[in-house]
Each structure stands twice: as structure tokens, then as C-alpha cells.
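Only a predicted model underlies this, so the values are computations on that prediction, with no experimental measurement involved. Because only heavy atoms are used, hydrogens play no part in the values below, and waters and symmetry mates are left out as well, while side chains stay in.
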Amino acid sequence: MYASLSEKHEHKKVLPDLEKSEKGVVMRFAPNPSGPLHIGHARAAALNDAYVKQYGGRYILRIEDTDPKRVDPEAYEMVREDISWLGLGITETVTQSDRFSLYYDLCMQLIERGGAYVCTCDNEHFRELKQAKTACPCRDLPVATNLERWQKMLDHEFKEGEASVRIRTDLDNPDPAMRDFPAFRILDAPPHPKVKAHVYPLMNFSVVADDHLLGVTHVIRGKDHIANTRRQKYIYDHFGWQVPVYRHYGRMGIEGVVLSTSQMRLGINEGTYTGWDDIRLGTLRALARRGICPEAVKNAMLAIGIGDTDISFSWDNLYAENRKIVDPVANRYFFVPDPITVTIEGAAPHTAHAMLHPGDTARGTRTLEFDGSVLLPKSEISPGTSMVRLKDLFNVKIVWDGNIPSFSYGGDSLAEARAVKAPIIQWLPAQAAVPCTLLTQEGEMKGVCEPLVGAELDRVVQFERIGFARIDSVDASGIRAYFTHK
RNA sequence: GCUGCUAUAGUGUAGUCCGGCCAAUCAUGCGGGCCUUUCACGCCCGCGACUGGGGUUCGAAUCCCCAUAGCAGCACCA
């Protein structure tokens, strides 16, 4: 009985089983190095990671840099950093630009098998033929001719746009997307930052080649790849290779942040964003800067799972995951936004001892010395407020003369403050407050905080009654913190 | 236009394959209460959904058909 109770209590989100996983799995995460990773990438990264951990096996990071137009040389390093931050169990890394000769080899073999041909047709013309389910003249050329043409491609005798390799599929396939799709193209420019080439494999070819060569057993990717999966099966069949198990999860809409790499880049160049880690962006480094933990990101992604329905990602759910992680560890401090200086009449010096964490008394206290005047959040003091309690200190009576308040000592009794429902607010000694800027996605909040916060650099703290924040920088001019969430 | 995928509360998710135990799970959110020198955490109570219409059946969230809506592909991007 107790067993079943605790079982239910510890109910953990488990991903649905994958078939053919008994002997372990080989999976891969395959980003394109066009920029840093964002929350959308995290889904594929986390799901594959979780399955490899569940079944055991290898987890390959494959950098898919086969399109020189979409390669940012700096992104290789950024992707590496982001993956390391996420804490994926990557067991090996391959970069496709290192493997062009493998693809060329396989292409030749495929042509020899009659599974591919070199097409020199004009693009527009080919499209019309395709719509009409008609073979282009190149399709029926003998293998020997195709091999010659392939050699001419490699020798750069064909220029950009003059020839491409196509996979022989089924012209009668009702889906026009399946008919003789391209596998290699020629690009004269731009140069690839990592490899000297003009013949480039297209994704459907290089992906099949590598999935097979690397022994990938299961592929989990977005359903935008569902057509690619069907196309890729033609290549597997031509080679007689075994097809991996595929799962396609639905589209994930993400509100409120910019995710498109090109838009982000543009915004950075124009100065709209401070960089790839601008907190208004959905990059992993932006989340990190705000104090979102990698485990929270992964947990949120696993909770979403691999369903094939289109979903809209909810920040609330991610924040809830993060709060579970951060709340038990974050020290508590006072941050007074938009402070006003107030002198309190009739109060003797007091020393306040506020707990660093109310759930963990062993952590001790911060000490705040009261000596006559304090800083209070302006928004808490408005006509009609007759008493507030300064948290961990004492009560303050407020008397209003029109719009002019005067403050006086109101006793130490917490019970009295409760009795009149006085708000218990954060405060700082006027003499011991450090300038602090809290940056949120909506803008800056200027204020002051406890000096001790300076020792929390790079950690997440909780500003009482405000929310969690990551301390981003500490210097002579003050502290800068990024708002995490409530 | 052609091809394909999907449709459970505000959001995510379980159940759908093998119809009844589902007047539908869990989380998050929201409302209320308790606890508490934070509007955090914790605890309690509540709110809230099977896209619509037909059909099969003793019985349908679950099977079939149609409709509607959303998404994806038809790139020399990944």
C-alpha cells in the first residue's frame, strides 16, 4: 500500500518506448552551425539525450555544415558551448565538412547502381516536368555517361546551376515532393569556411550517408522532416541499407521571443540586441544569462515529449521547472526598487537579522543595521498607508499631512502589524545600500540592494517580494542583475 | 493546386493501438484558504477539456465517414 502511494508520488515523466531499443540505441543531435542554439534546438537535443540515457548507447553530435551560405564560422564554438551548458551526454562529434570525400564516394557508387543521375536541366524546366510526372532527358542516360558527368562536376567543368545529382525515385509518386529530388549541387560561391569544395551534398544525401556510416538506429526530429524521411528511404533502398526508426514530433510555437537566426543576427548588427545572449532572445545563452538552469530546460522539454501535435511552448511551465531547482538554493536578499529615503522618528538603533533562506536556517542570516533612516520602495508608500512593517525590523507608523507623509517608530510587535494588516516590506539601511539595476525583458528597474549580493556573482538569488534574479556583474558602479522569473 | 500529418481544460500532458473500470490523469496557470516576519516554498479546496456533425455498437475521447481548423512538404536550406 505504501509502495503504491510513494510510487504515485514519485511519478516521473517517462518517454514512450522506442521499438528496436533492446540492444541500446545510437542517436544523434544534428544542428546547423548558423548561430547559437535556441530553445527550439533544445527539444531535439533533450529528447535524444533522454532516450540514449534510458536505453544506453551512443549519442553523436553531428555538425551539419553542408551549406556554405548557412554557416557562421563562429557558430561551431557557440554550438559546442551551448551543448556543454545543456549537459548532453554526447559520446562523439563529427563534422560533415570533414566528410565530403565519403559522400563523393557514395555518390559514385549510387550512380553505378543506377540510383542517381546527373541532371543538367534548367531548374524551371525540371519543375514543370516533375509536375507532369515526366522524366527529364538526363534520367535515362547510361550509367557510364552519368559517371563521366559526375567526374566533370567534381572537376568543376560544370559551373553553379549547370548540373546536379538527382536521386532516382518514382515519377508517379502522387506527392510531387518525392519525385527525383536533388542530392548534390554545385556552388561557386561563397567559399566554405572549413573545406575547399564546389560540389556540395544536400541534406538528404549527407544525412543518410552519415546515419548509416555512424550506425544511427533511431532518429527523433521535427515533423517538418517527415517528407525528408520518405525521400531518404529511397536512398536507403538503393543502397540496400537498413532504415533507422523515426519519430517526428510536432511543431513548437514559442511566443514572445525572436528565434530566427537571421532576425537575431540582424538585430544584433543593428544594435537592437546587445548580442546573442540578449535576454529578449530565445537562445540558450540568453536563458542562461537570466538564470534558467539547463536541467529546467531539459525537464520542460521532456514534459512536452514527442507528441506529433503542434504545440505552443509555455514559458510558465519552464519557469515552474526552474523554480523547483532554484528556490531551494537561492539566497534571499532585499532589493528596493525606485527607493525613497525616509527618516523614522523615535526609533532607537536596531540590528535586523534576516534569514538567508527561510527553509534552511543553517545557512544563517544577513545583518542589517538600522540607524535612523532607511530606503523604501516608493510604490509601497502612498496616501492611505498608515502602517508598514519593515521585514525583520519593526513597525513604522505613517501620518499624512495632505500628500506629505511622516514616519515614526511603531513598535516591534509583529502581531500588531498583522492585526492592522500592515504590509511587510523590504527595506535597506540608508548607509548600507548598493546601487543595483534589475534588467527585465521589459526594461530596467533601478534600485538598491544589500552589499552581500555582491558575493553572489553568477548565482541566482531571490529578491524578496520581487522574484528570482541572476547576478550578472558586480563592480564599483554597482550590481547588475537579470530577472529570472517570479 | 497536389501530398501528408494533427485535433483532450488558458498552456503542456496521460488515456486513443486492444471501445466499457474515463461524468477523463498529472503538471502548470488562475481563484480561495492554511502556514509563514517575502506577493517565494509547502499544504488544502476549487475552476477548467474529449473541434463539429453523422455512423457502427448494448456501450465511443477511443472505431468509420464527412466537415472545420492548424501545421508541414512540393528548394541546387537544414
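By the side-chain hydrogen bond (donor to acceptor under 3.5 Å, both in side chains) test, A:R179 is found to be paired with no residue, residues two or more places apart in sequence or in another chain being considered.
A salt bridge is absent between A:D98 and A:K194: the closest approach of a Lys/Arg side-chain nitrogen to an acidic carboxylate oxygen does not fall below 4.0 angstrom. A salt bridge links A:R230 to A:D175: one of the charged nitrogens lies within less than 4.0 Å of a carboxylate oxygen.
The side chain of A:N317 approaches B:rG12 more closely than any other nucleotide in the set B:rU37, B:rG12, B:rC74. Considering only the side chain of A:P182, B:rA75 comes nearest among B:rC74, B:rA75, B:rG12. For A:A177, the side-chain atoms get nearest to B:rC74 when compared with the rest of B:rU37, B:rA78, B:rC74. Side chain of A:N32, nearest nucleotide from B:rU37, B:rA78, B:rG12: B:rA78.
Backbone-only contact: A:D316 has heavy atoms under 4.0 Å from sugar-phosphate atoms and none from a base. Within the 4.0 angstrom heavy-atom criterion, base atoms lie near A:E380. When heavy atoms are screened at a 4.0 angstrom cut-off, A:F468 is found touching the sugar-phosphate backbone but no base atom.
In this structure, A:F370 has its ring center no closer than 6.0 Å to that of A:W427. Here A:F468 and A:H485 bring their ring centres to under 6.0 angstrom of each other. A ring-centre distance under 6.0 Å is not found for A:F463 and A:F334. In this structure, A:F100 has its ring center closer than 6.0 angstrom to the ring center of A:Y200. Here A:F394 and A:Y409 bring their ring centres to under 6.0 angstrom of each other.
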### Query
Which dot-bracket string fits RNA chain B when only Watson-Crick or G-U wobble pairs with both atom distances under 3.5 Å count, crossing pairs get [ ], and | stands for a partner on a different strand?
(((((((..(((.......[.....)))((((((.......))))))...(((((..]....))))))))))))....
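Between A:F184 atom CZ and B:rA78 atom C1' there is a gap of 16 Å when expressed in whole angstrom units. Taking atom CZ of A:R179 as the reference point, atom P of B:rC74 lies 13 Å away to the nearest angstrom. Rounding to whole angstrom units, CZ of residue A:R127 and P of B:rC2 are separated by 16 Å.
Rounded to the nearest Å, the gap between the C1' atom of B:rU36 and that of B:rC26 is 28 Å.
Within residues 252-260 of chain A, no residue has any heavy atom closer than 4.0 Å to RNA chain B. The stretch residues 353-368 of chain A touches RNA chain B through A:P358, each having a heavy atom within less than 4.0 Å of the strand. Contacts of residues 324-333 of chain A with RNA chain B (heavy atom under 4.0 Å): A:D327, A:R332.
For B:rU28, its base never sits under 3.5 Å from the side chain of A:E321 at any donor and acceptor pair.
For A:W315 (side chain) and A:E255 (main-chain N/O), a donor-acceptor pair under 3.5 Å exists by modelled atom type. The main-chain N or O of A:A45 is never found under 3.5 Å from a side-chain atom of A:D49 such that the two would form a donor-acceptor pair.
Taking side-chain N and O atoms only, A:R251 has a distance below 4.0 Å to OP1 or OP2 of B:rA72. Taking 4.0 angstrom as the limit, A:R323 places a side-chain polar atom (N or O) nearer than this to OP1 or OP2 of B:rG29. For the pair A:S34 and B:rA78, the criterion of a side-chain N or O lying under 4.0 Å from OP1 or OP2 is not met.
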For nucleotides 3-5 of chain B, list the nitrogen or oxygen atoms of the protein found under 3.5 Å from its nitrogen or oxygen atoms, one pair per line.
from: B:rU3; atom 1: O2'; to: A:D175; atom 2: OD2; distance (Å): 3.2

